[in-house]
Amino acid sequence: MAPKTMKALRLVKYNTNYELQEIPIPSYQPTDLLLKTAAASFCHTDYQVYEGVYNSPTPLTPSHEPVGTIVEVGAQAAKAGWKKGQRVGMLNFRHACNACIGCKVARDPHQPDQPDARFCENKEMAGINADGGFAEFVVADAATSVLIPDGVEFEQAAPSMCAGATVWGGIDETHVEPGLPVGVIGIGGLGALALQFLAGLGHPTVAIDNRPEGRQLAAELPEHLRPGKIVDYNSPNAVDETVRFAGDGGLAAVLVCTDSVEATEWSLKLLRTKGVCVPLGLPTEGFKFSAFDLIFKQLSVKGSLVANQRMVTDMMKLVAEKGVRSHVTTMTLEEATNLPEKYMDPHLKGRLVVTM
């Protein structure tokens, strides 16, 4: 007989360790997939949920980076070709209403008949306003799920569902041609993937971090995806080193994979005329930019949420083809009750991943 309950990590109170609880296995809609969770990772947004930044309901199962195996398929999802046994990753956005302004305005140009769930005003967000992936089972929306290529392990696929999707979407927003130099500031779970994606797409890259752990992580990436230059953010020569490597007055684009307001403002100094900055951190106090850097070089600062289903499908192909890897530290549900505390370790490298 199939189980009726499951183990899950639950945020019961803000700024308090998770609790391991036994809760009912979630029900699913005709458009959904029920996954037996294999792995789910921890994101900076999960830490903000833990702090209460989003006024998330409690109790709540955190994590919007789960992957697993389909064990049940809703009737409409089955008609779309989803099957039991498929290895799947789910993106953060579920159940677009297809009626709000966001759904009407935001359409994928490659799928104009479908709403872009990222911008739905009534969407569910796993681990933020609805239960997420730190559980033995999780509900995925077929419209925002992707197949995991053979050969990509679950614990490697999990960070791709948000960290990967975030930087892949940011790269897409730069609209920078292959061959042009791009910098990445903040080499953690997001930045390490950004460097590899950019290299895999044909960009010379510069890795910039103020922590030795971040610079070491960049130096340890697979050789064919390693940055051409690694720069210490604290060095007084950091701008000169970066601009000299890039040539032609600086980088064509920079991705800022930290929520440091200071580092985001500083990033503009690395750009050539008409360069593009894509800040991917979410500082609660907002951003600040030098008017002189922004105006006199006619720079662009682009907002970017995450990649959608179509884009992440392309991203996962590159992950498989180029051997993109995340530096992961794995733990069980039982070991992860103090996950937010572990995340705040200043010496942390890469991504924390819970395996089931």
Side-chain angles (χ1 to χ4, degrees), residues 11 13-16 42-58 60 62-65 92-93 102 118-119 121 123 125-129 132 162-163 165-167 169-171 173-174 183-194 207-211 213-214 231-235 238-239 242 251 253-271 275-297 299-306 339-348 351-352:
L11 175 66
K13 183 180 178 181
Y14 299 147
N15 297 298
T16 303
F42 189 89
C43 172
H44 185 69
T45 301
D46 291 310
Y47 190 80
Q48 291 181 315
V49 170
Y50 164 83
E51 293 180 302
V53 170
Y54 303 103
N55 296 314
S56 300
T58 56
L60 179 79
S63 183
H64 51 273
E65 297 184 334
N92 188 14
F93 308 115
R118 296 177 294 175
F119 304 104
E121 297 169 1
K123 61 184 176 288
M125 300 176 70
I128 299 174
N129 66 6
C162 177
T166 297
V167 295
I171 292 168
E173 284 296 333
T174 67
V184 178
I185 300 176
I187 314 304
L190 275 73
L193 287 172
I208 304 165
D209 203 295
N210 63 346
R211 302 179 310 139
E213 290 83 5
V231 174
D232 183 349
Y233 172 80
N234 293 320
S235 168
V239 172
T242 303
L251 299 167
V254 61
L255 301 181
V256 187
C257 300
T258 169
D259 63 355
S260 167
V261 176
E262 178 186 3
T264 306
E265 180 180 13
W266 176 83
S267 73
L268 299 192
K269 300 185 183 303
L270 309 177
L271 293 170
V276 181
C277 169
V278 181
L280 297 173
L282 291 171
T284 54
E285 63 269 44
F287 294 114
K288 174 186 175 184
F289 295 103
S290 163
F292 294 95
D293 288 335
L294 189 67
I295 299 299
F296 282 90
K297 289 197 288 184
L299 304 177
S300 298
V301 178
K302 299 289 293 292
S304 177
L305 189 50
V306 294
L339 197 49
E341 178 184 326
K342 293 178 180 179
Y343 172 77
M344 291 306 290
D345 181 350
H347 303 295
L348 176 68
R351 213 70 166 169
L352 296 170

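All values reported here derive from a predicted model rather than from experimental measurement. Below, each value reflects all heavy atoms present in this structure, side chains not excepted, and no hydrogens, waters or symmetry copies.
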What's the shortest heavy-atom distance between [X] and [Y], and which atoms?
{"X": "Glu265", "Y": "Lys288", "result": "CB-O, 3.1 Å"}
{"X": "Gly286", "Y": "Val261", "result": "O-CG2, 3.2 Å"}
{"X": "Glu173", "Y": "Gly303", "result": "CG-O, 4.0 Å"}
{"X": "His64", "Y": "Ala126", "result": "CB-O, 3.1 Å"}
{"X": "Glu121", "Y": "Gly102", "result": "OE2-N, 3.7 Å"}
{"X": "Gly186", "Y": "Cys257", "result": "O-CB, 3.5 Å"}

Counting only N and O atoms by type, is there a donor-acceptor contact under 3.5 Å from the side chain of [X] to the main-chain atoms of [Y]?
{"X": "Gln48", "Y": "Leu282", "answer": "yes"}
{"X": "Lys302", "Y": "Thr174", "answer": "no"}
{"X": "Asp345", "Y": "Lys342", "answer": "no"}
{"X": "Asp209", "Y": "Ile187", "answer": "yes"}
{"X": "Lys297", "Y": "Leu268", "answer": "yes"}
{"X": "Arg211", "Y": "Leu348", "answer": "yes"}
{"X": "Ser63", "Y": "Phe42", "answer": "no"}

Let me confirm one number: the [atom1]-[atom2] distance from [X] to [Y], rounded to the nearest 0.5 Å.
{"X": "Thr58", "Y": "Tyr14", "atom1": "OG1", "atom2": "OH", "value": "5.5 Å"}
{"X": "Ile171", "Y": "Leu255", "atom1": "CD1", "atom2": "CG", "value": "5.5 Å"}
{"X": "Thr166", "Y": "Leu305", "atom1": "OG1", "atom2": "CG", "value": "7.5 Å"}
{"X": "Leu190", "Y": "Ile185", "atom1": "CG", "atom2": "CD1", "value": "13.5 Å"}
{"X": "Asp259", "Y": "Glu262", "atom1": "CG", "atom2": "CD", "value": "12.5 Å"}
{"X": "Thr258", "Y": "Asn210", "atom1": "OG1", "atom2": "CG", "value": "7.5 Å"}

Take Cys162 and Asn92 through the test side-chain contact (heavy atoms from CB on, under 4.5 Å) and record every step on the way to the result. CA-CA 7 Å; Cys162 177; Asn92 188 14; over 6 Å; no
Verdict with supporting geometry, Val306 and Phe93, side-chain contact (heavy atoms from CB on, under 4.5 Å): CA-CA 10 Å; Val306 294; Phe93 308 115; 3.4 Å; yes
Chi angles and distances behind the side-chain contact (heavy atoms from CB on, under 4.5 Å) call for Leu339, Tyr47: CA-CA 9 Å; Leu339 197 49; Tyr47 190 80; over 6 Å; no
State, yes or no, whether a side-chain contact exists between Pro340 and Asp46 at a heavy-atom distance under 4.5 Å. no
Classify the angle between the aromatic ring planes of Tyr343 and His44 as parallel (below 30°), tilted (30 to 60°) or perpendicular (above 60°).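 Tilted: the ring planes of Tyr343 and His44 meet at 30° to 60°.
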Applying the side chain to side chain contact (heavy atoms under 4.5 Å, CB included) test to Ile208, which of Thr242, Val184, Val239 qualifies?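 Only match with Ile208 under side chain to side chain contact (heavy atoms under 4.5 Å, CB included): Thr242.
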